[in-house]
Amino acid sequence: MSLHIINLHKSYDDLLLFSNFNLDFAEGEITCILGPSGGGKTTLLNIIAGLVEPNGGNLVGFNGKVLSYIFQDPRLLPWKTVQENIEFVLTDAYEQTQRQTIASRFIKLVELTGFASYYPSQLSGGMRQRVAIARAFAYPSDLILMDEPLKGLDVKLKMNLLKAFSRIWQADKRTVIFVTHDVDEALMLGNTIIVLGDIPIAVKARVSIDIDLKKRDMSSDYFKNLRLILHNALGD
């Protein structure tokens with residue numbers, strides 16, 4: 001099963017972002033999208049989420065999909081604890097005992113057991129982003145959109161978050177569209193990696209990786225070659 005963007009057109013005044021743009025996403029997999037800064041990646045996610053109206057084109061297979069959205073900023077409710085932030089998005093879907101059980105499960109998956117009663121102000125930036133990831137997966141969504149959620153974090157923290165995301169996704173394989181500017185992030189997580197070019201945007205490269213996330217050796221010749229392909233496509 002796939003989700004399809006067909007003949008998408010989007011412009012802002014004289015700025016043409018998308019013209020007859022086509023792209024498909026495999027369901028139950030992670031698709032990573034790479035591209036230059038300011039190149040319309042966030043606009044694409046917002047069109048998929050229904051936050052931005054396209055000027056033309058069709059989105060096929062998205063109707064009826066329940067979405068979670070992970071932003072660069074964790075956007076946690078400061079007056080609620082970690083447990084309460086996750087339970088809050090479950091209010092309309094589950095009764096209280098189920099909400100508590102589900103929230104606890106995802107807190108454990110992102111290795112924040114012991115911090116359930118903490119408020120966002122008491123957590124590090126990386127811990128807050130782990131809560132955001134747990135909250136997105138805890139919500140009963142079909143599709144998770146991620147807009148550069150690891151941007152600006154140091155390498156060690158980023159690696160910890162990538163491991164947390166990998167662990168939680170393998171336990172609950174949703175369809176994920178992950179926008180990033182980091183080639184290594186895409187190689188560590190992506191089942192499919194899409195490279196977008198400058199505006200008007202077109203697909204410059206598409207790479208598929210049929211290796212389990214837990215078995216990926218980033219130092220292998222295979223991944224070194226993929227890294228080179230992606231950097232060349234990006235014009236780095």
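Reckoned from all heavy atoms, side chains included, excluding hydrogens, waters and symmetry mates.
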If you count heavy atoms of other groups shown closer than 6.0 angstrom to [atom1] of [X], is the number above 12?
X	atom1	answer
E53	CD	no
F62	CZ	yes
K204	NZ	yes
K80	NZ	yes
F223	CZ	yes

[X] side-chain N/O to [Y] backbone N/O, donor-acceptor pair under 3.5 Å:
X	Y	value
K214	R167	no
R227	L187	no
R174	S141	yes
N20	N7	no
E87	I102	no
D142	V66	yes
R99	L90	no
N191	I30	yes
D13	L15	no
R135	P74	yes

Is the shortest heavy-atom distance from the side chain of [X] to the side chain of [Y] under 4.5 Å?
X	Y	value
I86	F137	no
P149	Q129	yes
W169	I144	no

How close do [X] and [Y] get, counting heavy atoms only, and between which atoms?
X	Y	answer
T175	G28	OG1-N, 2.7 Å
I199	L16	CB-O, 3.7 Å
P78	Y119	O-CD2, 3.6 Å
S117	T81	O-CG2, 3.4 Å
Y139	L67	CE2-O, 3.7 Å
K41	L196	CG-CD1, 4.4 Å

If you round to the nearest 0.5 Å, how far is [atom2] of [Y] from [atom1] of [X]?
X	Y	atom1	atom2	value
N85	L77	CG	CG	5.0 Å
M146	T180	CE	OG1	9.5 Å
C32	I177	SG	CD1	10.5 Å
L3	T31	CG	OG1	8.5 Å
D147	F71	CG	CZ	7.5 Å
T43	F18	OG1	CZ	6.5 Å

Item checked: Q100-S104 side chain donor-acceptor pair, cut-off 3.5 Å -> no
Checklist line | Verdict with reasoning, F25 to L143, per side-chain contact (heavy atoms from CB on, under 4.5 Å) | finding: CA-CA 11 Å; F25 305 96; L143 173 62; over 6 Å; no
Checklist line | Qualifying residue for side-chain contact (heavy atoms from CB on, under 4.5 Å) with I5, from I47, L44, D24 | finding: L44
Next item on the list: Please determine which of I133, D172, V131, L112 meets the side-chain contact (heavy atoms from CB on, under 4.5 Å) test together with F106.
Entry: D172
Any link between [X] and [Y] through a network of hydrophobic side chains (Ile, Leu, Val, Met, Phe, Trp, Tyr) touching at under 4.5 Å?
X	Y	value
L228	V183	no
M218	V207	yes
I33	L51	yes
L23	V52	yes
I211	L213	yes

Next item on the list: Take F21 and V203, measure what side-chain contact (heavy atoms from CB on, under 4.5 Å) needs, and give me the verdict at the end.
Entry: CA-CA 8 Å; F21 177 81; V203 175; 4.0 Å; yes
Next item on the list: Show your reasoning for whether side-chain contact (heavy atoms from CB on, under 4.5 Å) applies to Y118 and M127.
Entry: CA-CA 11 Å; Y118 282 51; M127 293 168 78; 5.9 Å; no
Next item on the list: For side-chain contact (heavy atoms from CB on, under 4.5 Å), just list the numbers for T101 and Y94, CA-CA rounded to whole Å, side-chain angles, deciding distance to a tenth of an Å, and then say yes or no.
Entry: CA-CA 10 Å; T101 300; Y94 303 101; over 6 Å; no
